[in-house]
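Residue numbers begin at 1 in each chain, while the letters A, B, ... track the order of the sequences. Values reported hereafter were calculated over all heavy atoms of this structure, with side chains retained and with hydrogens, waters and symmetry mates removed.
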There are 4 protein chains.
Amino acid sequence: MPRSPSPSRRKQPRQQRAQATCDAILTAAARLLVRDGYEATSTNRIAEEAGVSIGSLYQYYPNKEGLVLAVLEQHGSRWLTEFDAGLKELAQAPLSVAVPSIIHHILALKRLHPQLDSLRYALLPVLRPLGHVDTFEQQLFRLVRAFLAARLDEIRPRELDMAVFIIVHTLEALCHAAGVDRPDYLTNDAFPEELCVLVLGYLGPPPARLGHPPRKAAAPRRKYEQ
Amino acid sequence: MPRSPSPSRRKQPRQQRAQATCDAILTAAARLLVRDGYEATSTNRIAEEAGVSIGSLYQYYPNKEGLVLAVLEQHGSRWLTEFDAGLKELAQAPLSVAVPSIIHHILALKRLHPQLDSLRYALLPVLRPLGHVDTFEQQLFRLVRAFLAARLDEIRPRELDMAVFIIVHTLEALCHAAGVDRPDYLTNDAFPEELCVLVLGYLGPPPARLGHPPRKAAAPRRKYEQ
Amino acid sequence: MPRSPSPSRRKQPRQQRAQATCDAILTAAARLLVRDGYEATSTNRIAEEAGVSIGSLYQYYPNKEGLVLAVLEQHGSRWLTEFDAGLKELAQAPLSVAVPSIIHHILALKRLHPQLDSLRYALLPVLRPLGHVDTFEQQLFRLVRAFLAARLDEIRPRELDMAVFIIVHTLEALCHAAGVDRPDYLTNDAFPEELCVLVLGYLGPPPARLGHPPRKAAAPRRKYEQ
Amino acid sequence: MPRSPSPSRRKQPRQQRAQATCDAILTAAARLLVRDGYEATSTNRIAEEAGVSIGSLYQYYPNKEGLVLAVLEQHGSRWLTEFDAGLKELAQAPLSVAVPSIIHHILALKRLHPQLDSLRYALLPVLRPLGHVDTFEQQLFRLVRAFLAARLDEIRPRELDMAVFIIVHTLEALCHAAGVDRPDYLTNDAFPEELCVLVLGYLGPPPARLGHPPRKAAAPRRKYEQ
DNA sequence: CATGAATGAGCCTTCATTCAT
DNA sequence: AATGAATGAAGGCTCATTCAT
């Protein structure tokens with residue numbers, strides 16, 4: 001049985017030509033999904049846009065959902081890779097430096113593929129039953145959780161899971177909403193600064209321990225509070 | 001003028017029987033939309049579920065979009081009414097009292113109609129081109145903006161529009177995400193407290209005025225930071 | 001059994017108010033039929049346009065076809081009445097005078113109700129199975145046949161039925177086509193003159209009888225041939 | 001350019017099997033349109049009659065109008081081709097020979113596809129907004145106009161456009177009406193002779209030029225006037 | 001008489017998917 | 001590997017007509 005259990009792939013391309021076909025389909029699908037949305041994008045139209053027959057499309061992807069999943073997987077893993085790289089560079093930085101940098105990074109990624117990025121967000125309600133986005137979201141959670149776990153002495157929240165939940169969903173929603181409703185916020189200085197205030201204000205200073213006023217952690221906040 | 005410009009209504013019911021039909025349709029539509037999503041819900045199925053003929057459905061609602069709009073309008077305006085009433089009661093309260101109360105109120109509304117509430121959120125990308133949700137969102141913005149405008153001396157942000165944007169989208173997204181991914185957060189004490197920290201931390205103390213350290217405004221935060 | 005066998009009427013209005021309702025329906029139907037055509041005109045829309053409930057419409061007309069038939073009947077009988085009156089006035093006139101006058105009259109009627117007139121023509125293929133238009137057409141045939149029968153010594157054709165068939169269909173088609181494609185022809189002097197040439201040329205001089213060259217009959221043609 | 005601008009075709013069949021499908025659809029459509037008329041013919045019924053699935057129908061024709069247009073185009077262009085060929089053969093013939101021959105030809109074509117021929121006529125009001133019939137009619141006008149333009153010295157009318165308008169519409173209407181109301185006229189000797197009288201009488205002798213009585217042109221008329 | 005709520009068959013069309021070539 | 005012809009369930013929606021009020 002040559003069928004892989006993946007819901008997004010049917011057959012691995014063996015020849016170079018086949019790989020090109022796969023890519024063309026993926027690219028066409030991304031373009032149409034971004035332009036028309038999930039329901040308005042038909043597999044026949046994708047094949048046509050890709051310059052490929054509908055039969056070929058179904059040779060590599062088991063069904064429409066699988067194809068869309070593949071699109072999101074590709075974009076999601078690229079996004080996570082870049083995001084992870086950014087986090088790694090900040091492994092040693094204090095929160096007051098890391099958070100602004102991360103936010104800056106996220107907004108930059110948003111500006112890079114504004115629509116593909118929104119696509120994942122818009123497809124959340126459609127594809128949740130398929131279990132893909134969970135993968136992306138879970139990875140993102142894991143990365144952010146690890147990041148915070150390494151800074152337990154710099155932050156206030158003790159329930160890490162909840163803090164990650166709050167931070168991830170907040171930033172995702174605000175970036176998405178900005179892209180949709182206020183594109184000017186994406187190329188604006190004030191917006192990222194406000195996001196930093198929001199996140200740093202939330203992560204806050206760690207609970208004061210006896211005799212150790214958390215002066216260092218609190219200091220950076222002034223930058224945004226003035 | 002026999003034609004109403006409303007995109008969500010076609011004809012006003014004149015008889016009591018007709019009103020009952022309208023309501024049955026609306027109720028059935030809400031139930032199916034919540035269960036299956038916009039695209040997977042067919043008007044024929046709605047009519048069947050409502051126990052009326054498809055013709056009756058189209059006598060009162062001009063098309064599928066109009067019907068969905070009517071569902072959201074009904075729920076949205078009820079939600080806004082209740083929210084507005086809650087805000088009015090807090091008109092004189094200081095931020096440190098009002099914000100926790102508001103967040104508590106929002107979560108209570110969420111628990112009341114968890115799915116209908118999510119429906120609006122999930123349909124945002126589908127219905128945006130129809131211009132309804134803007135109405136809801138605009139009203140919400142207006143209410144929150146007025147609330148903050150009356151407390152300019154208690155808060156830090158000077159760009160009110162951006163602050164409203166951030167607070168509204170953040171709370172919406174977190175409540176929605178909680179309802180979907182972590183229902184336990186909705187009936188949990190820690191979650192609302194964290195939301196308060198997030199919002200109050202963001203709104204922060206007002207910019208210090210000459211010689212008047214904003215000690216009083218900062219004080220209430222202890223309640224949530226311990 | 002109060003139902004009349006007429007396919008276009010269900011019930012005779014007894015009260016004045018009812019007569020007004022009937023007329024409003026007929027008027028609205030005529031307007032919409034002219035504007036949108038038979039298939040695109042719905043009985044519900046007619047009732048709405050007439051300011052009457054759909055139930056009232058079906059109280060006076062048995063179905064859509066019956067209503068349309070009534071519209072055509074009304075217009076057709078008015079048309080025939082006027083046409084007949086015109087013919088009567090020309091009872092004594094020689095062909096060379098009568099034909100131009102008749103053609104002038106037909107074009108005047110056409111200009112009077114250009115669309116209603118076309119409506120009958122356009123509905124021919126739709127309503128033929130209902131047997132109405134035959135009535136109109138038959139009456140028209142009878143009138144024209146009587147007109148020609150009284151002038152057998154002035155005309156060439158011996159098969160009167162065929163001559164009537166040719167003249168009636170020719171003039172109907174040309175007037176209709178002019179109304180649709182070349183409205184300028186309707187208010188033009190050359191067009192009716194050409195129609196006269198066509199008809200008079202066809203009816204032509206009577207077959208020459210021994211020793212009696214048909215000079216007189218031919219003479220009038222000069223008027224139109226110059 | 002994968003999208004053809006034609007309103008009557010969607011996709012060209014590449015395989016032989018597909019061509020057979022196309023033809024079956026066209027044939028079935030023609031049969032049902034002739035039998036039931038435009039509005040009473042449904043695309044589902046056509047597909048069923050053609051023995052193909054409704055999906056196949058819409059793979060080759062963009063919509064109902066397009067399909068009907070294709071039917072008419074096919075028949076119309078065949079008709080025009082044959083008519084044109086007939087005209088060419090008569091290029092050198094005098095009017096008195098050409099006109100009877102043309103009328104004979106038209107009636108023969110009418111007898112060949114009596115219903116398809118009527119179909120176009122009946123669909124005129126339905127399809128006019130789609131711009132097809134104009135094409136047919138325009139071509140017919142052009143052919144007839146060229147025919148007359150080559151015989152300016154044999155005919156009376158100086159306004160060629162109006163003469164063409166009159167002749168074309170007259171013959172169309174009479175042939176159609178004969179097919180519908182008097183099929184016996186189509187296989188009758190008297191009818192075509194009367195049509196010749198009508199047309200030749202209208203085209204008439206050319207305006208007399210100084211001292212040249214148009215005896216030759218008038219002579220042939222005797223044939224039909226006796 | 002008049003109203004208008006209710007009906008439901010049926011229309012046009014789309015689209016994910018299969019399979020013979 | 002690739003093609004593209006074929007499928008048919010299903011969707012949104014209309015409209016002539018009936019009947020309880």
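Nearest approach of C:Val52 to C:Ser56, heavy atoms of both residues: CG1-CB, 3.2 Å. Here the closest heavy-atom approach between residue C:Ile25 and residue C:Leu57 is recorded as CD1-CA, 3.7 Å.
Every residue two or more places apart in sequence or in another chain was checked for a ring-ring contact (aromatic ring centres under 6.0 Å, His included) with B:Tyr60, and none qualifies. Shown here are the side chain to side chain contact (heavy atoms under 4.5 Å, CB included) partners of C:Glu49, two or more places apart in sequence or in another chain: C:Ala28, C:Arg31, C:Leu32, C:Arg45. Qualifying side chain to side chain contact (heavy atoms under 4.5 Å, CB included) partners for B:Asp23, counting only residues two or more places apart in sequence or in other chains: B:Gln19.
Put simply, the side chain of B:Ile54 reaches to within 4.5 Å of the side chain of B:Tyr58, judged on heavy atoms. Proximity of B:Lys64 to B:Tyr38: side-chain heavy atoms (C-beta onward) are separated by under 4.5 Å at one or more points. Annotation: side chain of D:Arg120 is not in contact with side chain of D:Leu123 (no heavy-atom distance under 4.5 Å). Side-chain contact check for C:Leu116 versus C:Val71: some heavy-atom pair is nearer than 4.5 Å.
Within residues 15-27 of chain B, no residue has a heavy atom under 4.0 Å from DNA chain F.
Protein atom CD1 of C:Ile46 is 17 Å distant from nucleotide atom P of F:dT14, rounded to whole Å. Look at CG on A:Leu57: it is 17 Å from P on F:dA5, rounded to the nearest Å. Separating the CD atom of B:Glu48 from the P atom of E:dA6 is a distance of 18 Å, rounded to the nearest angstrom.
Here A:Ser53 does not reach the OP1 or OP2 of F:dG4: none of its side-chain N or O atoms lies under 4.0 Å away.
Taking for each of C:Val52 and B:Val52 the nucleotide of DNA chain E with the nearest heavy atom, the 5'-most of the two is the partner of C:Val52.
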Using a 4.0 Å heavy-atom cut-off, write out nucleotides 9-17 of chain E from 5' to 3' as B (base contacted by protein), S (sugar-phosphate only) or - (no contact).
-> B-SBBBBBB
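Of the inter-residue distances, the one linking A:His75 atom NE2 with A:Leu26 atom CG reads 12.0 Å to the nearest 0.5 angstrom.
Heavy atoms of D:Tyr61 sit nowhere under 4.0 angstrom from any nucleic acid atom.
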Toss me the dot-bracket line for DNA chain F: Watson-Crick and G-U wobble, both under 3.5 Å, 5' to 3', using | for pairs to another strand and [ ] for crossers.
-> .||||||||||||||||||||
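In this structure, a donor-acceptor pair under 3.5 Å is absent between the side chains of D:Tyr61 and D:Thr43.
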